Amino acid sequence: MSDNEHLEQFMRRAIRLATENVEAGCGGPFAAVVVQNGRIVAEGTNTVTSSCDPTAHAEINAIRSACRELGVFQLSDCDLYTTCEPCPMCLGALYWARPRRVYYAATRDDAAAVGFDDAYIYNELGNDPHKRALPMQQLLRAEAQESFRAWDAKQDRVEY
């Protein structure tokens, strides 16, 4: 099997999971698999509507499952295969999870064409917090520094 065929088998698994997820009525048409050393260690599908959890995107669910399975909070020796270009939330989670590589199939424009349009969120991210459509107000900044000072002084902290 060529390297490309090897990569494609994992993406095909994710695509199959996404289609099955839609057919089962569990959520949107998205799925992701996490692969370590040529082996799938976790899978995730979109379960936003079935779990009543707006953060239950396929990538998030796959990352959570993989981290639990491997007993780690970073996936630096893993690759993630996802059926669509990650939304802003999932992209942020992927940067925190630090996989070695992310492969995606459909684009954000493909997703927008069937009702999953993230352009609004991408645009909002560039705005000053006080100019976003979602009202935001900063409170107690000085008091919040206490937890940062505690973190900074903690000798046995686990960096991430």
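The shown structure was predicted, so the numbers you read here are calculated from the model rather than taken from an experiment.
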No-hydrogen, no-angle side-chain donor-acceptor test under 3.5 Å, Thr55 and Asp53: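 Distance-only check passes for Thr55 and Asp53.
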Show the nearest heavy-atom pair for residues [X] and [Y], with the distance to one decimal.
X: Met136; Y: His130; result: O-ND1, 3.9 Å
X: Thr83; Y: Pro29; result: OG1-O, 3.8 Å
X: Gly28; Y: Asn21; result: O-ND2, 2.9 Å
X: Val34; Y: Cys78; result: CG1-CB, 3.7 Å
X: Ala62; Y: Ala42; result: O-CB, 3.7 Å
X: His57; Y: Val48; result: CD2-CG2, 3.6 Å

Hydrophobic cluster identity match, [X] and [Y], side-chain contacts under 4.5 Å:
X: Leu7; Y: Ile40; value: yes
X: Ile63; Y: Leu70; value: yes
X: Tyr81; Y: Ile15; value: yes

Neighbour count above 12 (heavy atom, 6.0 Å) for Tyr104 OH: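 No - once you tally the heavy atoms of other residues, nucleotides and ligands closer than 6.0 Å, there are 12 at most.
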Whether over 12 other heavy atoms sit under 6.0 Å from Glu159 CD: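 Correct, the count exceeds 12.
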Residues that Thr47 engages under side-chain hydrogen bond (donor to acceptor under 3.5 Å, both in side chains), provided they are two or more places apart: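 Thr47: side-chain hydrogen bond (donor to acceptor under 3.5 Å, both in side chains) contacts with Asn61.
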Thr19: partners by side-chain hydrogen bond (donor to acceptor under 3.5 Å, both in side chains), with sequence neighbours left out: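 With neighbours one apart ignored, the set is empty.
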Rounded distance (nearest 0.5 Å) linking atom [atom1] of [X] with atom [atom2] of [Y]:
X: Phe30; Y: Leu17; atom1: CZ; atom2: CG; result: 14.0 Å
X: Phe10; Y: Leu80; atom1: CZ; atom2: CG; result: 12.0 Å
X: Cys87; Y: Ile121; atom1: SG; atom2: CD1; result: 6.5 Å
X: Met11; Y: His6; atom1: CE; atom2: NE2; result: 13.5 Å
X: Glu20; Y: Arg16; atom1: CD; atom2: CZ; result: 7.0 Å

Working for side chain to side chain contact (heavy atoms under 4.5 Å, CB included), residues Val158 and Phe73: CA-CA 11 Å; Val158 177; Phe73 60 87; 3.7 Å; yes
Residues which pass side chain to side chain contact (heavy atoms under 4.5 Å, CB included) with Lys131, listed by chain and number, not counting sequence neighbours: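 Lys131 satisfies side chain to side chain contact (heavy atoms under 4.5 Å, CB included) with Asp128 only.
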For Arg108, side chain to side chain contact (heavy atoms under 4.5 Å, CB included) partners two or more places apart: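 With neighbours one apart ignored, the set is Glu85, Tyr122.
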Side chain to side chain donor-acceptor pair (under 3.5 Å): pairs with one or both residues in residues 132-152, sequence neighbours excluded: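 Side chain to side chain donor-acceptor pair (under 3.5 Å) check on residues 132-152 returns no pairs.
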Which atom pairs, one a donor and one an acceptor, fall under 3.5 Å between side chains of residues 89-102 and the rest of the protein, sequence neighbours left out?
unit_1: Arg100; atom_1: NE; unit_2: Asp79; atom_2: OD1; d: 3.1
unit_1: Arg100; atom_1: NH2; unit_2: Asp79; atom_2: OD2; d: 3.3

Check against side chain to side chain contact (heavy atoms under 4.5 Å, CB included), Leu75 and Cys67: CA-CA 7 Å; Leu75 301 171; Cys67 288; 3.9 Å; yes
